[in-house]
Amino acid sequence: MSLTLYNTAARALEPFTPLEKGRVGIYVCGVTVYDLCHIGHARSAIVFDVLVRYLRALGNDVTYVRNFTDVDDKIIARAKDLGESPEDLAGRYIEAFYTDMDQLDIMRADREPRATEHIEAMIDMIRILIEKGNAYRAGDDVYFAVESLPGYGALSGRKLEDMKAGSRIAIGEQKRHPMDFALWKAAKEGEPQWDSPWGKGRPGWHMECSVMSTHYLGTTFDIHGGGEDLLFPHHENERAQAVAALGGEFARYWIHNGFVTVNSEKMSKSLGNFLTIRDALKLYHPQVLRMFLISQHYRSPLDFTRSAVEAHRSGLTRLYRALERMDAILGPWNYDQGLSKQLKGDALPLPEEFRQAMDDDLNTARAVAFLFEKLKEINRIIGQEASLSESDRSLLAEGREELIVCASVLGLLKESPAAFFEGVAKDTVTLDNAEVERLVADRTEARKKKEWKRADEIRDILKKMGVVLEDGPKGTTWHRDV
RNA sequence: GGCGGCAUAGCCAAGUGGCUAAGGCAGCGGUCUGCAAAACCGUUAUUCACCGGUUCGAGUCCGGUUGCCGCCUCCA
């Protein structure tokens, strides 16, 4: 079996075959940097992060391009409100993007172009579109003529005649067809602007992606991704421009991720339920968020609720606990190893079951289920800890490797258990380890003397400090309450 | 109005016509333990919103009903 992906353009699952065997070019629409990223941005970023990781784990040489939209109406408006330059505002939010995404362990793309770095090429593309008769000037603006391109609407499954967009046209616009969209917008006072054959102005939103994707990946490339809301008009228009201007096929596979709702409501400013990554990270450990965000299929809507996220925190904790015990038995694992191997693009040894799940349109829910099945196997072996045979130990070592390699494709189990437990603990108060150790030792003393009451008192004290004890055959271990 | 999606146990969720409907969380019973915790074992959907149909066989395909959601306007 090989990788099958749902191609929005075909509205069907299709076997994925790159243009060139072993090489994959992927372009993903990034964010418009005028505000902090929210949990929906995180989902999108994680979906494509996992896709790229998996393509690499299969041994592909992947070129991953993700843009920043750093010139746009919203940026200009926000900058004006804050009395800041649009460039500074965009710069600040690009930094914020990295801060947040780094915490979620989202890999950097290979190319992260900004719209403002490619204005010249956009002007060139607009010029070509005018020459070819796909675009026209109207006043100081330039519009794309949707009727000039046969098949416009095919990507998003719309017919021009169905799209009664007349009511959306602002007075004063001189479009030939209501669906025509701006390629170049004439400059307004005090806004970012560039010289062009049509006077000073700035490019329309869709232009940047047509130009930057084909610049880095060629006129026909493998995968284009983004949130499902971008399908229309953004992706439709992006493709129309590129196909009309360059004649290539543009993207061959279109992948769109579903939305995140919060308590069953779409996030919106008016509802005040915008959950930024930053705020979510105040409540949950980044690995827990990641686990939650990949726990269902990427095309399904995902509802963010406290109880749902917390369920995954419990599950992830169980995985890390097993890791901790394996480290104790086998010696500590180097927690960077899985990831660093895969970043080189070498094929990873992935178990068949895991591969089948991922091959099936990136079924991360099933992939996670595999992790738990593996966990059960491992725990069964550890259960006999007192008498582990050589073959048990090597089974355990194999199991650990498999578990971590698979998890690394999902971006999970990437840190040491100690770091995870420290980070995931409810109690933010720093523990005095020496104090804990002393109490544990006192309790061990009491238990030796069978002073159960005293022992239980100490256990209660520790519990209140946020420490949970486990009495095992090799003595008492403790960890922070989760 | 146009286009599309979803409805599976207490909750989340996989299931892309055919062995006993994954997995997680929560609960319950058991093993272990001084008692716990953790772990393991067992258990919790004769049934997949409802009604018809196709088929030897449907959660899975088709039609209808109900309910929810998204896009069509900036949006991941």
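Just so it is clear, the values below take in all heavy atoms, side chains as well, and ignore hydrogens, waters and symmetry mates. Proteins come first, then strands; the chains are lettered A, B, ... in the order of their sequence lines, and each starts at number 1.
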Counting only pairs under 3.5 Å, give me each side-chain donor-acceptor contact of residues 438-446 of chain A, with atom names and distances, residues two or more places apart or in other chains.
from	atom 1	to	atom 2	distance (Å)
A/R438	NH1	A/D442	OD2	3.2
A/R438	NH2	A/E435	OE2	3.4
A/R443	NE	A/A455	O	3.2
A/R443	NH1	A/D471	OD1	3.1
A/R443	NH2	A/D471	OD2	2.8
A/T444	OG1	A/V440	O	2.9

Could you tell me if the ring centre of [X] sits under 6.0 Å from that of [Y]?
X      : Y      : answer
A/H235 : A/H206 : no
A/Y64  : A/Y27  : no
A/Y6   : A/Y253 : no

Atom-to-atom span, [atom1] of [X] to [atom2] of [N] - whole angstrom:
X      : N     : atom1 : atom2 : answer
A/D35  : B/C75 : CG    : C1'   : 12 Å
A/H234 : B/A76 : NE2   : P     : 9 Å
A/L316 : B/G23 : CG    : P     : 19 Å
A/R158 : B/C72 : CZ    : P     : 7 Å
A/I106 : B/A76 : CD1   : P     : 14 Å
A/F259 : B/C69 : CZ    : C1'   : 12 Å
A/R43  : B/C75 : CZ    : C1'   : 16 Å
A/E236 : B/G2  : CD    : P     : 20 Å

Legend entry - Closest to side chain of A/K74, choosing from B/C25, B/C74, B/C75: B/C74
Legend entry - Side chain of A/N257 (C-beta onward), nearest among B/G2, B/G23, B/A76: B/A76
Both distances under 3.5 Å, Watson-Crick or G-U wobble: report the partner of [N], or none.
N     : result
B/U43 : B/G27
B/C50 : B/G64
B/C32 : none
B/G1  : B/C72

Is it true that [X] and [Y] have a side-chain N and a carboxylate O under 4.0 angstrom from each other?
X      : Y      : value
A/D73  : A/R202 : yes
A/R158 : A/E236 : no
A/K185 : A/D72  : no

Listed pairs, N/O of protein and of nucleotides 13-15 of chain B, under 3.5 Å:
from	atom 1	to	atom 2	distance (Å)
B/A13	OP1	A/Q296	OE1	3.0
B/A13	OP1	A/Q296	NE2	3.3
B/A14	OP1	A/H297	N	3.2
B/A14	O3'	A/N363	ND2	3.1
B/G15	OP1	A/N363	ND2	2.9

Distance between [atom1] atoms of [N] and [M] (Å, rounded):
N     : M     : atom1 : result
B/A21 : B/U44 : P     : 12 Å
B/C61 : B/G15 : P     : 12 Å
B/G17 : B/U55 : C1'   : 9 Å
B/C12 : B/U8  : P     : 8 Å
B/G1  : B/G64 : P     : 16 Å
B/U43 : B/A7  : C1'   : 27 Å
B/A13 : B/C72 : C1'   : 30 Å
B/C71 : B/A37 : C1'   : 50 Å

Inset, instruction - Look at atom CD of A/E451 and say whether more than 12 heavy atoms of other residues, nucleotides or ligands are closer to it than 6.0 Å. - result: yes
Inset, instruction - Identify, between A/M267 and A/R11, the residue whose nearest nucleotide on RNA chain B lies closer to the 5' end. - result: A/R11
Inset, instruction - Report the residue (A/S156 or A/M291) whose heavy-atom-nearest nucleotide on RNA chain B is the more 5′ of the two. - result: A/S156
Legend entry - Worked check of side-chain hydrogen bond (donor to acceptor under 3.5 Å, both in side chains) between A/D361 and A/H297: CA-CA 9 Å; A/D361 194 27; A/H297 189 86; 3.2 Å; yes
Inset, instruction - Answer yes or no: side-chain N or O of A/K266 and base N or O of B/C71 forming a donor-acceptor pair under 3.5 Å. - result: no
Inset, instruction - In sequence, state the C-alpha distance, the side-chain angles, and the governing distance for A/D279 and A/K282, and then conclude on salt bridge (charged side-chain N to carboxylate O under 4.0 Å, His left out). - result: CA-CA 5 Å; A/D279 285 340; A/K282 283 178 197 154; 3.1 Å; yes
At 4.0 Å (heavy atoms only), tell me whether [X] reaches a base, stays on the sugar-phosphate, or touches nothing.
X      : value
A/V260 : base
A/E310 : nothing
A/G227 : sugar-phosphate

Inset, instruction - Hey, can you tell me if A/W254 and A/F250 have their rings parallel, tilted or perpendicular (30° and 60° cut-offs)? - result: tilted
Legend entry - Ring centroids of A/F372 and B/G24 base under 5.5 Å with planes under 30°: no
Inset, instruction - Answer yes if the side chains of A/H224 and A/E238 hold a donor-acceptor pair under 3.5 Å, and no otherwise. - result: yes
Nucleotide N/O to protein N/O under 3.5 Å, stretch nucleotides 35-39 of chain B:
from	atom 1	to	atom 2	distance (Å)
B/C35	O2	A/R459	NH2	2.4
B/C35	N3	A/R459	NH1	2.8
B/C35	N3	A/R459	NH2	3.4
B/C35	N4	A/D471	OD2	3.0
B/A36	N6	A/D471	O	3.1
B/A36	N1	A/D471	N	3.1
B/A36	N1	A/D471	OD2	3.4
B/A36	N3	A/R459	NH1	3.1
B/A39	O3'	A/N379	ND2	3.1

